[in-house]
Peer 1: 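If you scroll down you'll find the structure; I have some questions about it.
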2 protein chains.
Amino acid sequence: MASQPAFRRSDPDQRRASLIAACARVLAREGAAGASVRAIALEAGVSPGLIGHHFGGVDTLIAATYAQVEEQVAEALDRAVAAAGPDPRARLEAYVTASLLPPIADSELLSTWIAFWSLVRARSEIARLHDEQYSRFRAGLEALLIENGAQPAALRRIAIAVTALVDGLWLELCLSPQTFAEGEAAAIARDSLPALISTGR
Amino acid sequence: MASQPAFRRSDPDQRRASLIAACARVLAREGAAGASVRAIALEAGVSPGLIGHHFGGVDTLIAATYAQVEEQVAEALDRAVAAAGPDPRARLEAYVTASLLPPIADSELLSTWIAFWSLVRARSEIARLHDEQYSRFRAGLEALLIENGAQPAALRRIAIAVTALVDGLWLELCLSPQTFAEGEAAAIARDSLPALISTGR
DNA sequence: TCGCTTGCTGAACGATCGTATAACAAGCCC
DNA sequence: GGGCTTGTTATACGATCGTTCAGCAAGCGA
């Protein structure tokens, strides 16, 4: 009688991806405080030591998880814009409202993000990741604003304002969803767009 | 030779206030991860057991700290409005920009707030505190918006948008201050106000 | 001055944390 | 099929976590 293998070897890249996914699930379910080496390893169905083997430490794994979640959000926004068609106004609205609708407006995603924020001040490479993500979002927004006739001289100011509006709505939407009616946050952002774009004219 | 007392007894309320202040300092300096019973007790110059004696557990102490910091922020905003004089527009601008200038725009304060956010999903009494704080801020804003001629029908929408704008700017300002020039965030918020108020007219 | 209340200390407990490491074994190569 | 690489496990270690509690002592009232 042949006993089945006690474990399966995996390609290092695949295993790392599996651990990142498990880390994201634990962060979402239990928050930053619950994202221990053992909890993540249990979630991934491996032994605790494997995290050290592949990532060196749990902080590196969390940073890698940040990078991947961030990437997924950016891709979701790009898809939303692409699905909006050619109309510049529709593309801008899609970019702005996509953050305030599922799957990005998700209170579980907030737990992940808070875990990252709590590391920004302590770890400089996390701070760098955050700055990159913020810059990327604002750059994408500025491109769409130009399509919509925003004044170049006011571009930075408008982009910062719209980004802040979206971030603030997203934060409150995730923290206490019952504050808003279905789609209300997205509607508020959409309705505020023309006013913010026209500032400085 | 009379030896000086090994410790001083304190009025329970004063001692609790001292522990809350120490908790706030530790949260600001070391973040949520570093706010352990021992660290807070060391900061306050007392023994670890005293926290359990006065608060039952460290979570209760953190919740009490939330309530107190929130109170201080609200008072600072009220003072800013009072100092702005009688002009409605100046009062509204003071309320909005005060959050984006020292001492409220402080990256140490962000650490404190992140610690609270990380508890919102796990502990319902923290969630309730958050909702109260958000409602209070928005109510204060709505009163000022009425003074400035905002349409009652659009009041809720405008107040939510302005609150989100301020929160988003505050968050990014605390996370990476080097993104903004001195006073830039406050200026952006101030310049965006008339546009947001006029939506719905 | 004595006793009593109680704020307070400090040690101890069990649980859990992150990490290191030696042994094991899966699976490819020759 | 035997050897070798290395992904993986399991254990152990020291540190630190939150909480408990028996006892000390500060300071007030009688």
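Sequence lines set the chain letters: A, B, ... in the order given, protein chains first and strands last, and positions in each chain run from 1. Keep in mind that what you see is a predicted model, and the values were worked out from it rather than measured.
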Peer 1: Residues two or more places apart in sequence or in another chain: which of them pass ring-ring contact (aromatic ring centres under 6.0 Å, His included) with Phe55(A)?
Peer 2: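 Listed in chain order: nothing, the list is empty.
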Peer 1: Ile62(B) CD1 to dG18(D) C1': how many Å, rounded?
Peer 2: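 These atoms are roughly 11 Å apart.
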Peer 1: Can you tell me if Ser176(A) and Glu172(A) form a side-chain donor-acceptor pair at under 3.5 Å?
Peer 2: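 Present: a donor and an acceptor within the cut-off.
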Peer 1: If the condition is ring-ring contact (aromatic ring centres under 6.0 Å, His included), which residues does Tyr134(B) pass it with, not counting sequence neighbours?
Peer 2: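 Tyr134(B): no ring-ring contact (aromatic ring centres under 6.0 Å, His included) contacts found.
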Peer 1: Looking at residues at least two apart in the chain, or sitting in another chain, which of them share a side chain to side chain contact (heavy atoms under 4.5 Å, CB included) with Ala164(B)?
Peer 2: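 Ala164(B) satisfies side chain to side chain contact (heavy atoms under 4.5 Å, CB included) with Leu165(A), Leu169(A) once adjacent residues are dropped.
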Peer 1: Expressed as a whole number of angstroms, how long is the span from Asp59(A):CG to dG18(C):C1'?
Peer 2: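 That distance rounds to 9 Å.
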Peer 1: Sugar-phosphate means primed atoms, P, OP1 and OP2; the rest is base. With that split, encode nucleotides 5-17 of chain D 5' to 3' as B, S or - using protein heavy atoms under 4.0 Å.
Peer 2: -BBBBB-B----B
Peer 1: Which whole-number value in Å describes the distance from Ile40(B) CD1 to dT19(D) C1'?
Peer 2: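 From Ile40(B) CD1 to dT19(D) C1': 14 Å.
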Peer 1: Using the side chain to side chain donor-acceptor pair (under 3.5 Å) rule, collect all pairs that involve residues 21-44 of chain B, keeping only residues at least two apart or in two chains.
Peer 2: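 Sorted pair list: Arg25(B)-Glu43(B), Arg29(B)-Glu43(B).
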Peer 1: Take atom CD1 of Ile51(B) and atom P of dG10(C), then tell me their distance rounded to the nearest Å.
Peer 2: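 Distance, rounded to whole Å: 14 Å.
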Peer 1: Restricting to salt bridge (charged side-chain N to carboxylate O under 4.0 Å, His left out), what partner residues turn up for Glu132(A), sequence neighbours left out?
Peer 2: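 Salt bridge (charged side-chain N to carboxylate O under 4.0 Å, His left out) list for Glu132(A), sorted by chain: Arg128(A).
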